[in-house]
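Structure first, then comments.
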Amino acid sequence: MAARRRAAGRDAPSRAPEMAIVAFITLFAAWTLRETHAPEALALVGLGAGALAADALGAWSPAPDARPGVDASATLGLLSLPWTFAARTPDGMTPRDVFALWTCVTAGALMLARDVAILRCVVPDASRASVVVLAALACAAAASTRLMETDKASLKAHAALGACVLANAIPAVALASTLPSMFPNVMSRAEAALVAQSAALAAAAAAAAAAAVALERGTIPKLEWLPGHLYERRDDTSLLVLFGALAACGFFAAAPAPLEQFPRGARRRASGVSARASYRAHLSDRAFRFDARERLGAALLVAVLLWFEYVSRDARGDDAATRLARRLLSLERASTFRTARLWLTAFLGTVLAVARVPKNGKKRVPTVVLRKAYHVLAAAMFAPPLCGASERINGLVSRETLAAAYAVALAAFAALEVVRTRGASVRLPKALGGPVRVGETIDALFEKFLDHRDAGGATVVLSHVSLLVAVAAPLWLTRGSLGAARHDAVATFGPFAGIVAVGIGDTCASVVGVRLGKTPAFRHSRKTAEGAFAGAAANAAASWALWRASAGDAVSWRAILPASLGAAWLETATEQSDNAFVPLAYLALLGCASRGSLSLK
């Protein structure tokens, strides 16, 4: 067995290129913070050094339920969000960014203490729990010292603020360890860490929004030791984004259990059948469903709905969704219908083009290339509304409306995925055609687009969800900068990060690599040097064109060139989900490169 592991290690792609770009982004972000936020820069470097040391020493503990073909490292998942919060604004960091960064750093340190064996080798007499507790206390103390806004706060106030940080970080750690077992062979440890941190931050933002409303109504007193930004009211778009993200979490929690977790008798009954067919066979029988997951998903959805009604209902009795719908159908009716026509035309054109692609024979298009048609679709649908410095240009919907639309689409994708995995059907009268097998229909449409990362479609499929999040997350994360000055590259161009890096650059890299690529980019890598160069060139060209379309002035190559090259490098070097990590890396490099003397003139 040891010999097989050594052979697998020799055949695995080299980790050195991925570690190099991770180290570069971490040091670059810390260097840009050295004058305004030196403690945060040191925390970022410390987390990156610990994670990269674990990579270099191979000290990560095994992750048996993680997606196969990817190593057990969680480095990218621990660092991607801290990069982004460190680079979101041109002049240092906002208090909200500082709080989010310390939450992510604390969660990352706890994951390192739990999952890296080398730490227990340094302190041989310490158990895993004691190492985690020590890391938690150290991070909470450092975070409370930096986040406390009053000069003469008591030790009790510092302890309470540290506990508040831990209350956000510990659920992220617990969720990161639970996700691979909930969805076996679907996500890597790094992807689970990123999802867990994002979900924990969304839940913390939702709690802060509820606290702000309660404080405004006089329900709770104001705690002076809490950072002031936690009591700020969220606008309608922020509430809708949080609602969509949390509703998606509720839907995915209701996804059925994997085949291995069904009763033994049910598994025997499906022996000799393919994994996906046996999965459907179990779900067709109510006796073998995991009702606990349905109850958990339903409870989460009810809680999210109650929260949304509480925080968004105004004196007239309207919530944020009602106000958005009224605005779209009255004040912005023309732009709404114009955008809908654009999206419908692009979607139908892509579907018809894909339907004409041969499924078999010599002219068959590889799955990896076929999937990129929807990357191009995402760029064609979402780039036009983002162009221009004003809220609405070319008669299309505003960036605020687009951010809310992304959130609604995310919740819809999650709901449809649950319908697909559970094989749900709609019972219609015989006169209307009888039952409609909605789940099986969606499953059949998915079949031609599945690859090795989707576990054959036997459990949840996240490729289309990750593509949506890839183009949506940069806009969500830069919304606080939309009113910033024109020289702020993140406010001007940050929302394009996913469209450039995934919609255009990744597509060109894959097509060129499959069609023309011959030279491996790195040792034992599936990706080619030709594809990497094509991706970097496409990133730079798309960045130039979209910058001119959005800002309308001279392009800052010093801002977009590091982002374009770094994103292409990471996409080529990593075996993780490029949809999840490459847009965040592009956004972080764009923000760091645009600071100080590198800002747009």
With sequence neighbours excluded, give me every salt bridge (charged side-chain N to carboxylate O under 4.0 Å, His left out) pair touching residues 190-204. Arg67-Glu191

Check the angle between the aromatic planes of Phe493 and Tyr586 and answer parallel, tilted or perpendicular using the 30° and 60° thresholds. tilted

For the pair Val22 and Trp83, evaluate side chain to side chain contact (heavy atoms under 4.5 Å, CB included) and give the outcome as yes or no after the intermediate values. CA-CA 10 Å; Val22 168; Trp83 290 342; 3.9 Å; yes

Residue list, ring pair (Phe, Tyr, Trp, His ring centres under 6.0 Å) with Phe243, at least two apart or on another chain: Phe308

Spatial distance of atom OG1 (Thr26) from atom CG (Leu47) [nearest 0.5 Å]: 8.0 Å

Checking Met19 against Thr75 for the side chain to side chain contact (heavy atoms under 4.5 Å, CB included) test, could you report, in this order, the C-alpha distance in whole Å, the side-chain angles of both residues, the deciding distance, and whether it holds? CA-CA 9 Å; Met19 293 170 62; Thr75 300; over 6 Å; no

Under the side chain to side chain contact (heavy atoms under 4.5 Å, CB included) test, which residues partner Ala142, sequence neighbours left out? Trp102

Supply the atom-to-atom distance Leu33 CG to Leu101 CG, rounded to the nearest 0.5 angstrom. 8.0 Å

Under 4.5 Å between any side-chain heavy atoms of Phe24 and Pro562, yes or no? no

Side-chain heavy-atom pair Leu410, Val465 within 4.5 angstrom cut-off: yes

Residue pairs, two or more places apart or on separate chains, that pass salt bridge (charged side-chain N to carboxylate O under 4.0 Å, His left out) and touch residues 169-182: none

Is there a side chain to side chain contact (heavy atoms under 4.5 Å, CB included) between Ile560 and Leu590? Walk through the geometry before answering. CA-CA 6 Å; Ile560 64 174; Leu590 180 74; 4.1 Å; yes

Do any N or O atoms from the side chain of Tyr406 and from the backbone of Val241 form a donor-acceptor pair under 3.5 angstrom? no

Across all chains, not counting sequence neighbours, the salt bridge (Lys or Arg N to Asp or Glu O under 4.0 Å) partners of Arg234 are none

Could you tell me whether the side chain of Ser510 and the main chain of Thr507 form a donor-acceptor pair under 3.5 Å? no

Carefully, step by step, assess Phe99 and Phe85 under the rule side chain to side chain contact (heavy atoms under 4.5 Å, CB included). CA-CA 9 Å; Phe99 187 89; Phe85 292 119; over 6 Å; no

Would you confirm whether Arg189, through its side chain, and Ser73, through its main-chain N or O, come within 3.5 Å as a donor-acceptor pair? no

Salt bridge (charged side-chain N to carboxylate O under 4.0 Å, His left out) pairs, two or more places apart, involving residues 498-507: Lys372-Asp506

N/O donor-acceptor pair under 3.5 Å between Thr574 side chain and Leu570 backbone: no

Mark yes or no for whether Thr32, through its side chain, and Ala29, through its backbone, hold a donor-acceptor pair below 3.5 Å. yes

Are the side chains of Val469 and Asn579 in contact, using a 4.5 Å heavy-atom criterion? no

Output all residues satisfying salt bridge (Lys or Arg N to Asp or Glu O under 4.0 Å) with Asp236, sequence neighbours left out; order by chain, then residue number. Arg323

Which heavy atom in Glu575 sits nearest to a heavy atom in Arg526, and how many Å separate them? OE1-NH2, 3.3 Å

According to ring pair (Phe, Tyr, Trp, His ring centres under 6.0 Å), who are the partners of His464, at least two apart in sequence or on a separate chain? Phe413, Phe446

Side chain to side chain donor-acceptor pair (under 3.5 Å) against Ser564, all qualifying residues, sequence neighbours excluded: Ser543

Applying side chain to side chain donor-acceptor pair (under 3.5 Å) to Thr178 and not counting sequence neighbours gives none

A quick test of your reading: do over 12 heavy atoms of other residues, nucleotides or ligands sit less than 6.0 Å from CZ of Phe533? no

Suppose we screen for side chain to side chain contact (heavy atoms under 4.5 Å, CB included). Which residues come up paired with Ser198, at least two apart in sequence or across chains? Leu81, Leu194

Residue pairs, two or more places apart or on separate chains, that pass salt bridge (charged side-chain N to carboxylate O under 4.0 Å, His left out) and touch residues 31-60: Arg15-Asp55, Glu40-Arg146

